[in-house]
Amino acid sequence: MSDDVRTPVIGIIGGSGLYDIEGLEDQRWQRVSSPWGEASDQLLFGTLDGVSVVFLPRHGRGHKLSPTDLNYRANIDVMKRAGVTDILSLSAVGSLKGELPPGHFVIVDQFIDRTFARAKSFFGAGCVAHVSMADPVCRRLGDALERAAVEQGLPVTRGGTYLAMEGPQFSTRAESHLYRSWGCSVIGMTNMPEAKLAREAEICYATVAMVTDFDCWHTEHEAVTVEQVVKVLLGNADKARGLVRAVVPGLGGERHVCSAGCDHALDYAIITPSAARDPEVVARLDAVAGRMLG
Ligand SMILES: CSC[C@H]1O[C@H](OP(=O)(O)O)[C@H](O)[C@@H]1O
Ligand SMILES: Nc1ncnc2[nH]cnc12
C-alpha cells in the first residue's frame with residue numbers, strides 16, 4: 001500500500017465510567033506488549049459496521065490506575081502496534097464556564113498542560129524530536145464528532161481549552177478561578193500527555209470532554225466530589241456509547257493522509273542525525289516512529 005493511503009483503525013480510549021464498549025462484532029480482549037511497559041489493560045479488538053475498532057479503558061477495568069500512574073507511552077504505543085490510525089478519547093471533565101453544565105459535551109480544540117509527574121515523550125537522549133502541538137486536535141476527527149453529536153441530539157460545543165492538571169486531588173478554589181481567568185473551558189487529569197504522545201506517534205487524536213460537574217468555582221454549586229462525578233457520568237457514558245456507534249461508520253473506508261497533517265507529524269521533527277542515534281532508543285521507537293526510522 002502507498003504511504004499516502006490508510007485503512008482506518010479507530011482507537012477508542014474510554015475514561016472514567018467507560019470500561020467497555022457495546023455492539024462490537026468479533027470482539028476479543030488481547031494483551032499487546034510494548035517496550036514502554038504495561039498498558040492500562042488488554043485491548044478490546046472488534047468491528048463496528050465493518051470498521052476495525054480497538055478499545056482501551058484508560059484506567060483499566062475496575063478503574064485501578066490513577067491519572068499519575070497511567071503509562072501513557074505504553075497506552076499509545078500499543079494502539080500504534082494494533083494499527084490504530086485515529087484515536088477518539090472520551091473523558092469526564094469539570095466545567096469552568098457557566099454555559100457548559102453537567103451533561104454537556106465539548107469537542108475541545110486546545111490544551112494547557114499543567115501536569116508534572118509523567119513521562120511526556122517517546123523521544124529523548126539518543127533520538128531527539130520536536131513535533132508541533134500548535135493544533136493538538138485533529139480537525140477532521142473533530143468535524144466527524146461534531147456532526148455525529150448533532151445528529152444524536154446531544155448538547156455539544158465545538159472548541160474549547162482543556163486544562164490538564166496532575167491530580168489526583170481536585171483543584172483548590174484559587175486554582176479553579178485561575179484557570180477560568182485563562183479562558184479555559186474544562187478541566188481534567190488525563191488528556192496530557194496523551195494528546196502529545198498521539199501526535200508523536202502520528203495518530204490523529206480528538207477528545208470528547210463530557211462535563212460532570214462545575215469543579216469548585218461556582219457559587220451556586222457544591223465543590224466537585226467523586227460521588228457527583230459518578231452520578232453524572234453514568235448518563236454521559238450511555239450517550240458516549242451512542243456517539244461512538246454514530247461516528248465510527250463514517251470514519252471507515254480507505255482515506256488519504258490526514259488533511260490536518262497529524263499522520264505526518266514526524267516529517268521534519270527528528271533532529272538527531274541517523275549516525276548519532278542510539279540503536280537501543282531507535283529500537284524502542286519501532287512502532288511509533290518506524291515510518292521515519294525504519
Ligand atoms: C473520577 S473523576 C476524575 C477522573 O475522571 C477523569 O478521567 P478520564 O479523563 O479518564 O475520564 C479525570 O481526568 C480524572 O482522572
Ligand atoms: N472537576 C474536575 N477536575 C478534574 N478532573 C475532573 N474530572 C471530572 N471532573 C473533574
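In listed order, ligands and their atoms are each counted from 1. Note that the structure is a prediction, hence the values are computed from the model and not measured.
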At less than 4.0 angstrom from any non-hydrogen atom of [X], what atoms of ligand 2 do you find?
X: Met189; result: 4 (C), 5 (N)
X: Thr212; result: 8 (C), 9 (N)
X: Asp215; result: 1 (N), 2 (C), 3 (N)

Protein heavy atom at shortest distance from [atom]:
atom: atom 10 (C) of ligand 2; answer: Gly94 N, 3.4 Å
atom: atom 9 (N) of ligand 2; answer: Asp213 OD2, 2.7 Å
atom: atom 3 (C) of ligand 1; answer: Phe170 CE2, 4.2 Å
atom: atom 10 (O) of ligand 1; answer: His59 NE2, 2.6 Å
atom: atom 2 (S) of ligand 1; answer: Val229 CG1, 3.6 Å
atom: atom 7 (N) of ligand 2; answer: Ala92 O, 3.5 Å
atom: atom 6 (C) of ligand 2; answer: Ile187 O, 3.7 Å
atom: atom 14 (C) of ligand 1; answer: Met189 SD, 3.7 Å
atom: atom 5 (N) of ligand 2; answer: Gly188 CA, 3.5 Å
atom: atom 15 (O) of ligand 1; answer: Pro67 CG, 3.1 Å
atom: atom 7 (O) of ligand 1; answer: Ser16 OG, 3.1 Å

statement: Among Leu233, Thr190, Val230, Leu70, closest by heavy atom to atom 9 (O) of ligand 1 is Thr190

message: Same cluster or not: Val54 versus Val244, using hydrophobic residues (I, L, V, M, F, W, Y) connected whenever any side-chain heavy atoms lie under 4.5 Å apart?
response: no

Short side-chain to backbone donor-acceptor contact, [X] and [Y], under 3.5 Å:
X: Arg58; Y: Asn75; answer: no
X: Arg199; Y: Ser132; answer: yes
X: Ser176; Y: Ser171; answer: no
X: Tyr205; Y: Asp86; answer: no
X: Glu166; Y: Phe116; answer: yes
X: Glu146; Y: Ile107; answer: no
X: Asp109; Y: Gly160; answer: yes

- prompt: Looking only at distance, does Arg58 have an N or O less than 3.5 Å from an N or O of ligand 1?
  reply: yes

query: Ala92 to ligand 1: N or O pair under 3.5 Å?
result: yes

- request: Please work out whether the ring planes of His221 and Phe214 are parallel, tilted or perpendicular, with thresholds of 30° and 60°.
  value: tilted

task: Answer yes or no: is there an ion pair linking Lys97 with Asp215, defined by an N-O contact shorter than 4.0 Å?
output: no

message: With heavy-atom distances below 4.5 Å as the criterion, would you say the side chains of Tyr72 and Pro67 are in contact?
response: yes

May I ask you to list the atoms of ligand 1 that are less than 4.0 angstrom from any heavy atom of [X]?
X: Ser91; value: 8 (P), 9 (O), 11 (O)
X: Gly15; value: 8 (P), 10 (O), 11 (O)
X: Gly188; value: 13 (O)

message: Check contact between Val226 and ligand 1, using heavy atoms of the residue and a distance below 4.0 angstrom.
response: no

message: Are Trp36 and Phe122 an aromatic pair, judged by ring center distance below 6.0 Å?
response: yes

message: Taking atom CZ as the centre, does Arg173 end up with more than 12 heavy-atom neighbours from other residues, nucleotides or ligands that are less than 6.0 angstrom away?
response: no

